[in-house]
Amino acid sequence: MNQEELRDVERALNLFMDGSLERILLSNPVDKDVMAKSRLRPLLLKGELVFQAEEQVGKQAFHRNMNKEEAVDYIKALLDGSFRQAEIASANGSALILVSKKGKVTVKVKRSSGRPARIQAGTAALSHNRKKQYILEEGKPVPFLVDLGVMTKEGKIVSSRYDKYRQINRFLEFIEDILPNLDQTEETTIIDFGCGKSYLTFAMYYYLKVLKEYPVHIIGLDLKQDVIDHCSSLGRQYGYDRLDFYHGDIASYQGVDHADMVVTLHACDTATDYALEKAVDWGAKVILSVPCCQHELAKQMENDLMKPVLQYGLIRERMAALYTDAIRGQVLEYRGYRTQILEFIDMEHTPKNILIRAILQGKKKDNGSRIRELTGFMGVEPTIVKLLAPELLDPELLPPKPLVP
């Protein structure tokens, strides 16, 4: 596209990119193996209007949030070589942008008749739309939410449990994102390590099996027998015949020989690492992990340059937690997973707000030397590296292998 054509595209986008936008769909890809399509929609996040792009890459969907200027640049860049069509739908009208094989751009704009229906960021209408996007809607009673004390029998959210309600819906948004990676024709085995009271386990089953009708078998595992007994009783009460709960720990669990998806929520310290090892060994297509209590590296970190920073206990703990999750993400990339580290829930609701989402790609990332350099720089031997990439550590630091007669 030449500069004049780019300006035409930008003018068309600026007509509709506000709170009244319904969607922008980029399609007709030049190379569908790179990205098949991208769909944008407006969202209110923390009171600010952003535009979320959902990129379809093979059977996987990836999301990114942008402000208006970033979104306009994003769309222009994709139309300049990646896609040949953009459809815009808005309360203010519609537009169609076409790019020929020779690069010629045609922009067709149709404005709505009558008074424009522009809605600015922060208005009640957009907030109302945002509220209605909860997957488990308020006002519709869900049995397990009622029994777990999140909802009343009328479907009203209990005020003291509203944070839990938001957390459940946020988790289901992550599940919704990975649906293209799950098979609708064969049963998908999902393991939830450290399921606890199983708010999210029940939500996952209800969403996938009841609402979406995916053939799934979900297994919840926890160390507390009384919790397992209670959850098992509730599962039978609801008729959830493919939802099972068992007593046991992560490291020694041998109940299945494979899992298509592994979920680990708030597994303490290195328990997360053992869950990730299980997931990788099983060749799980999807891993969702919310780590907690990462103390391991805080005891190990030694670096002369960083001493003035690491002398403060609070800073040391926080840095250790962030380094731990970053190294986990890099090791998963090293083992063939496309990995993202995302905000699970706002910090004001819980400090355990990082979610590691990993999708099996098959192609391993060539980042072994960087992992080795990073662990050496910090003077650490993370369990995740010992379990999934021991070749990246100094052999003298590894535990001795048992003698084989």
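In this chain, residues are counted from 1 in sequence order. The model shown is predicted, which means the values in this text are computed figures rather than measured ones.
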| task | Mind checking the CD1-CG spacing from Ile191 to Leu221? Nearest 0.5 Å is all I need. | result | 8.0 Å
| request: I would like to know whether Val263 and Phe171 meet side-chain contact (heavy atoms from CB on, under 4.5 Å); could you show each step before the answer? | output: CA-CA 11 Å; Val263 176; Phe171 178 69; 4.0 Å; yes
| field | Distance-only side-chain donor-acceptor flag, Asn367 / Glu333, under 3.5 Å | value | no
| task | Working to the nearest 0.5 Å, report the span between CG of Leu43 and CG of Asn65. | result | 6.5 Å
| query | Asp269 side chain to Glu296 main-chain N or O, any donor-acceptor pair under 3.5 Å? | reply | yes
| Does anything in residues 139-160 pair up under side-chain hydrogen bond (donor to acceptor under 3.5 Å, both in side chains), and if so which pairs, sequence neighbours excluded? | Asp147-Gln237, Asp147-Tyr238, Thr152-Glu154
| message | Is a donor from one side chain sitting under 3.5 angstrom from an acceptor on the other, for Glu173 and Asn169? | response | no
| message | Once rounded to the nearest 0.5 Å, what's the spacing between atom CG of Leu310 and atom CG of Asn303? | response | 7.0 Å
| Are side-chain heavy atoms of Asn14 and Lys68 found at a separation under 4.5 Å? | yes
| Is Arg335 reaching over with its side chain to a backbone N or O of Val280, donor-acceptor style, under 3.5 angstrom? | no
| field | Over 12 foreign heavy atoms within 6.0 Å of CZ, Arg318 | value | no
| query | Can you name the nearest heavy-atom pair linking Pro29 to Met35, along with the distance? | reply | CB-O, 3.3 Å
| query | Does any pair with a residue in residues 69-93 pass salt bridge (charged side-chain N to carboxylate O under 4.0 Å, His left out), and if so which ones, sequence neighbours excluded? | reply | Glu10-Lys76, Asp73-Lys76
| message | Around atom CD of Gln311, are there more than 12 heavy atoms from other residues, nucleotides or ligands closer than 6.0 Å? | response | yes
| Qualifying residues under salt bridge (Lys or Arg N to Asp or Glu O under 4.0 Å), relative to Asp222, sequence neighbours excluded | none
| request: Verify, without hydrogens or angle tests, whether Tyr199 (side chain) and Val150 (backbone) share a donor-acceptor contact under 3.5 angstrom. | output: no
| query | Under the side-chain contact (heavy atoms from CB on, under 4.5 Å) criterion, do Leu208 and Ile190 qualify, and how do the steps go? | reply | CA-CA 11 Å; Leu208 289 172; Ile190 301 173; 3.6 Å; yes
| query | Counting heavy atoms not belonging to Asp31, are there more than 12 under 6.0 Å from its CG? | reply | yes
| request: Considering only NZ, NE, NH1 and NH2 on the basic side and carboxylate oxygens on the acidic side, decide whether Asp183 and Lys285 come within less than 4.0 Å. | output: no
| task | Given side-chain contact (heavy atoms from CB on, under 4.5 Å), test Val105 with Val9 step by step and report yes or no. | result | CA-CA 8 Å; Val105 177; Val9 170; 4.0 Å; yes
| query | With distance as the sole test, does Asp260 use its side chain to make a donor-acceptor pair with the main-chain N or O of Thr189 at under 3.5 Å? | reply | yes
| Check: Tyr205 ring centroid to Phe202 ring centroid under 6.0 Å | no
| field | Straight-line distance of Asp273 CG to Thr383 OG1, nearest 0.5 Å | value | 5.0 Å
| query | Are any non-hydrogen side-chain atoms of Trp282 and Val262 less than 4.5 angstrom apart? | reply | yes
| message | If you count heavy atoms of other groups shown closer than 6.0 angstrom to NZ of Lys37, is the number above 12? | response | no
| query | Between Leu297, Thr324, Leu314, Val309, which is the residue that forms a side-chain contact (heavy atoms from CB on, under 4.5 Å) with Met319? | reply | Val309
| Considering all heavy atoms, the nearest Gln340-Phe62 contact | OE1-CD2, 3.9 Å
| field | Six-ring centre of Phe193, Lys278 cation under 6.0 angstrom, axis tolerance 45° | value | no
| When you look at NZ of Lys209, are more than 12 heavy atoms from neighbouring residues, nucleotides or ligands closer to it than 6.0 Å? | yes
| request: Begin from the C-alpha positions of Tyr240 and Tyr206 and carry the test side-chain contact (heavy atoms from CB on, under 4.5 Å) through to its verdict. | output: CA-CA 9 Å; Tyr240 291 174; Tyr206 180 79; 3.4 Å; yes
| Do the side chain of Arg64 and the main chain of Glu55 share a donor and acceptor less than 3.5 angstrom apart? | no
| field | Point-to-point distance, once rounded to the nearest 0.5 Å, from NE2 of His63 to CZ of Arg357 | value | 7.0 Å
| Counting only N and O atoms by type, is there a donor-acceptor contact under 3.5 Å from the side chain of Arg161 to the main-chain atoms of Leu145? | no
| What heavy-atom pair brings Cys195 and Phe245 nearest, and what distance separates the two atoms? | SG-CD2, 4.0 Å
| request: Examine distances only and state if a side-chain atom of Ser82 and a backbone atom of Leu79 form a donor-acceptor pair shorter than 3.5 Å. | output: no
| request: Using a cut-off of 6.0 Å, state whether more than 12 heavy atoms not belonging to His217 lie near its atom NE2. | output: yes
| task | Look up atom CG in Leu13 and atom CD1 in Ile97, then write down how far apart they are to the nearest 0.5 Å. | result | 5.0 Å
| field | Test item: Gln300 and Met378 side chains (from C-beta on) under 4.5 Å apart, heavy atoms | value | no
